[in-house]
2 protein chains.
Amino acid sequence: MENKPQRMTKQRKIILEELRKLTSHPTADELYEIVRERLPRISLGTVYRNLDVLSENGEVLKLESAGSQKRFDGDVSSHCHVRCVNCGRVGDVMDELPEPEVHSVSAPGFTITHGATEFYGVCDTCRDGDELAAPGAHRTQ
Amino acid sequence: MENKPQRMTKQRKIILEELRKLTSHPTADELYEIVRERLPRISLGTVYRNLDVLSENGEVLKLESAGSQKRFDGDVSSHCHVRCVNCGRVGDVMDELPEPEVHSVSAPGFTITHGATEFYGVCDTCRDGDELAAPGAHRTQ
DNA sequence: CTGGATGCAAAGGTTTTGCACGCTA
DNA sequence: TAGCGTGCAAAACCTTTGCATCCAG
């Protein structure tokens, strides 16, 4: 799970570059749109395949904890995330927090390997009330 | 987000009852199969619709943090979860943990409202190596 | 050269939705 | 009785995959 990818293709290189430029934790198709400006003929499938490979190699983070649509993070260093409960956008938490103590907790039927602290809230775009600016948003209630 | 549902139909009542009986944090279709034993003519769409209503009313928990398929929890009291990184199953952590301190953290562009500690690991079924018993599982590597 | 990677498009899995009818309050 | 809720099926949505071709090493 930490072995380097076999081939560094143009596509893989540019996907990685663009993801690392961003702090926005894009979804696969958001990244696809961005990469497409440099590689107009790239396909969405290629973006998905590369994000898979890169996350298995530990070069990017696949944020499972992000609701329906997966999001990706080019910053692999240990840090916490906030998620907008309205639109799903993910942000970085600036402060360093201690990793949850794994050895002190028990869960029947599970072998716990690690823990994470996650935050929830509302992003500025959603707080300011414009539903249009929140992609795929539908007001909760 | 905390108003009671307008009507307590047979379907809604039984869905809630069955979910509260379980500690397994089922997916919508797992719950559908269970409820179907009591209401053979119920539809999957109804299960989804009711889980939405019930979670908006705070009667059940919708566990967004569960990868591709969503899971639901009939136990609304504050407790932490473990997630199997192999098959996605969710379990309860027995120990009480302090809620992360929200006021001490900052995230640009976000208004943080609450935090949660989440754990990851492997469930017994996956540890024991039988891929067949893990629904939809595919070994990571 | 060779086998991993790509583009394309189709398939797959999960969740949502339109519609006519049913049933709770 | 009014109008929310239901069953059914189709649609929508996100992600994965098969295949012929391409290209990095």
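Computed over heavy atoms, backbone and side chain alike; hydrogens, waters and symmetry mates excluded. We name chains A, B, ... by the order of the sequence lines, and we start the count at 1 in each one.
Contact check, A:Gln11 against D:dA24: no side-chain N or O comes under 4.0 Å of OP1 or OP2.
Among the atoms of the strands shown, none is found under 4.0 Å from any heavy atom of B:Asp29.
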With the criterion being N/O to N/O and under 3.5 Å, what pairs connect the protein with nucleotides 21-25 of chain C, and how long is each?
from, atom 1, to, atom 2, distance (Å)
C:dT24, O2, B:Arg7, NH1, 3.1
C:dA25, OP1, B:Met8, N, 3.2

Quick one: which protein N/O atoms are closer than 3.5 Å to N/O atoms of nucleotides 17-19 of chain D? Pair and distance per line, please.
from, atom 1, to, atom 2, distance (Å)
D:dG18, O6, A:Arg49, NH1, 3.4

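Between B:Glu56 and B:Lys62 no salt bridge is recorded (no basic side-chain N to carboxylate O distance below 4.0 Å).
One atom, CD of A:Glu30, and another, C1' of D:dT15, lie 15 Å apart when rounded to the nearest Å. Taking atom CD of residue A:Glu56 and atom P of nucleotide D:dT16, one finds them 11 Å apart after rounding to whole Å. Between B:Tyr32 atom OH and D:dT6 atom P the separation is 14 Å, expressed in whole Å. The nearest whole Å value for the distance from the CD1 atom in A:Ile14 to the P atom in D:dC23 is 14 Å. One can place CD1 of B:Ile42 at 14 Å from P of D:dG5, the figure rounded to the nearest angstrom. Taking atom CG on A:Leu44 and atom P on C:dT6, their separation rounds to 13 Å, with Å as the unit. C:dG4 atom P lies 23 Å from atom NZ of A:Lys13, rounded to whole Å. Atom CG in A:Asp52 sits roughly 17 Å away from atom P in C:dG4 (whole-Å rounding).
In this structure, the nucleotide among D:dG7, C:dG7, C:dT15 sitting nearest to the side chain of B:Arg41 is D:dG7. Side-chain proximity of A:Gln69 to the nucleotides C:dC8, D:dT6, D:dT15 is greatest for D:dT15.
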Any chance you could lay out the salt bridge (Lys or Arg N to Asp or Glu O under 4.0 Å) test for B:Lys13 and B:Glu18, step after step, and finish with the verdict?
CA-CA 9 Å; B:Lys13 185 163 158 290; B:Glu18 292 300 326; over 6 Å; no
Apply side chain to side chain contact (heavy atoms under 4.5 Å, CB included) to residues B:Glu118 and B:His81 and explain how you reach the verdict.
CA-CA 6 Å; B:Glu118 297 176 4; B:His81 291 123; 5.8 Å; no
Kindly indicate, with the supporting measurements, whether the criterion side chain to side chain contact (heavy atoms under 4.5 Å, CB included) is fulfilled by A:Leu31 and A:Leu22.
CA-CA 9 Å; A:Leu31 189 55; A:Leu22 297 170; 4.2 Å; yes
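Counting only heavy atoms from C-beta outward, the side chains of B:Thr23 and B:Asp73 never approach each other to under 4.5 Å. When side chains are defined from C-beta on, A:Tyr32 counts as touching A:Ile42, because their heavy atoms get closer than 4.5 Å. With a 4.5 Å cut-off on side-chain heavy atoms, B:Asp92 and A:Phe110 do not count as touching.
With hydrogens and angles ignored, the 3.5 Å screen pairs no side-chain donor or acceptor of A:Arg83 with any backbone N or O of A:Tyr120.
Nearest heavy-atom pair across A:Gly115 and B:Phe119 is CA-CD2, 3.8 Å.
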